[in-house]
2 protein chains.
Amino acid sequence: MMAAMARAATTSDVFNAIAEPQRREILALLRAGERPVTELAQELGMTQPRTSKHLRVLREVGLVRDRKAGKQRLYGLDARGLRPVHEWTGGFERFWNESFDRASASSPAPISPRTR
Amino acid sequence: MMAAMARAATTSDVFNAIAEPQRREILALLRAGERPVTELAQELGMTQPRTSKHLRVLREVGLVRDRKAGKQRLYGLDARGLRPVHEWTGGFERFWNESFDRASASSPAPISPRTR
DNA sequence: CCATCATATGCCGATATCGGCATGCGTCAA
DNA sequence: TTGACGCATGCCGATATCGGCATATGATGG
């Protein structure tokens, strides 16, 4: 019955799904269109089981969809889930543009917004 | 000396750093300005060690900077590292807008965009 | 120099994650 | 029906990651 609980639920969250380089590659490839597992595996140089597992994660967070096509199973992109990530990072846009003054500059005074 | 190598190098990569919800919270908070560790911990309701550890990860990937301020150590945002993430997801913008036709629609034919 | 505040670290336990390999299962062709 | 193909899974081993707790370290004020 769990003794201390380590690590908070991670997977099944888009941010986590795209934290894996290979999964990002899969998504990038799928922009060109649907593809069967084997083909993806081949193009990315990874084994089939490995590819399937990554696809499973992507499917669980809703970034890809699959549909059967005879013997094969075609995976297609469903990028809608990436939008929240884009927007979240977008919330920092003014910070990477405004060269974050007070943070790097030679600010001599404003120690911190500690009211007291 | 490692026998089979499991899991590819993860940390020290921005995508991974922001995969942690709490780290995202820290970044969001820092948009309001620099803050000492204890204050962050307090505002986020987490222990100090935990906060320090997350800050360390963020620092290692360059998303935050720290500077000493007397007894304290102020952490400030350096969002430049988020830009790549924003751009990467931006590469999928047309896909979440164009309601990815062929993927969900009742496509009866185009099995796959294999050129040949 | 000593007590104290502010942080960083080390160590441990409990998972979660990844990869490989073998195998299960469904579909299609002969 | 039987085989071959295409893909999903299960199981295992090797880490990586997170959290808690105690403690080391650094700086400050007496």
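Lettering follows sequence order; numbering is per chain, from 1. Atom set for the values below is all heavy atoms of this structure, side chains included, hydrogens, waters and symmetry mates excluded.
Each of V14(B), L55(B), V57(B) was compared with L63(B) under the side chain to side chain contact (heavy atoms under 4.5 Å, CB included) criterion, and only V14(B) meets it.
Remark: R35(B) fails to qualify as a cation-pi partner of Y75(B) under the 6.0 Å distance and 45° angle criteria applied to the six-membered ring. The cationic atom of R31(A) (NZ for Lys, CZ for Arg) lies less than 6.0 Å from the six-membered ring centre of F92(B) and within 45° of the ring axis.
If you look at H86(A) and W96(B), their ring centroids are closer than 6.0 Å.
Among the nucleotides dG20(D), dA8(D), dT9(D), the one closest to any side-chain atom of R56(A) is dT9(D). Looking at the side chain of T47(A), the nearest of the listed nucleotides dG20(C), dG19(D), dC18(C) is dG20(C). When distances run from any side-chain atom of R50(B) to the nucleotides dC21(C), dG20(D), dT7(C), the shortest one goes to dG20(D). Nearest to the side-chain atoms of P36(B) among the listed nucleotides dT7(C), dA27(D), dG19(C) stands dT7(C). Comparing dA8(D), dA8(C), dT7(C) against the side chain of T38(B) picks out dT7(C) as the nearest. Here the side chain of R23(B) is nearest to one of dG20(D), dC18(D), dT9(D), namely dC18(D). Minimum atom distance to the side chain of Q48(A) is reached by dA8(D), of the listed dT9(C), dA8(D), dA27(D). Listed nucleotides: dA8(C), dG10(D), dG19(D). Nearest to the side chain of K53(A): dG10(D).
The distance between atom CG of L55(A) and atom P of dT9(D), rounded to the nearest whole Å, is 11 Å. Across the protein-nucleic acid pair, F15(A) atom CZ and dA16(C) atom P stand 21 Å apart, rounded to whole Å. D66(B) has its CG atom 11 Å from the P atom of dT7(C), to the nearest Å. Rounded to a whole Å, the CG atom of L40(B) is 10 Å from the P atom of dA8(C). Between the P atom of dA8(C) and the NZ atom of K71(B) lies a distance of 15 Å, rounded to the nearest Å. Atom P of nucleotide dT15(C) and atom CG of N16(A) are separated by 18 Å, given to the nearest angstrom. Between the C1' atom of dA8(C) and the CZ atom of R59(B) lies a distance of 8 Å, rounded to the nearest Å. Look at CZ on R73(B): it is 9 Å from C1' on dG26(D), rounded to the nearest Å.
Within the 4.0 Å cut-off from OP1 or OP2 of dA8(C), at least one side-chain nitrogen or oxygen of Y75(B) is found. Checking the phosphate oxygens (OP1, OP2) of dG19(C), a side-chain nitrogen or oxygen of Q22(A) falls inside 4.0 Å. Side-chain N/O atoms of H54(A) include none lying less than 4.0 angstrom from OP1 or OP2 on dT17(C). The phosphate of dT27(C) has OP1 or OP2 within less than 4.0 Å of a side-chain N or O from K68(A). For dT9(C), the OP1/OP2 oxygens have no side-chain nitrogen or oxygen of S52(B) closer than 4.0 Å.
Ion pair R65(B)/E34(B) not flagged as a salt bridge, since none of the NZ, NE, NH1 or NH2 atoms sits closer than 4.0 Å to an Asp/Glu carboxylate oxygen.
A donor-acceptor pair under 3.5 Å links the side-chain atoms of E20(A) to the main chain of Q22(A), judged by distance alone.
Both P49(B) and G70(B) lie near DNA chain D, and the one whose nearest nucleotide falls closer to the 5' end is P49(B).
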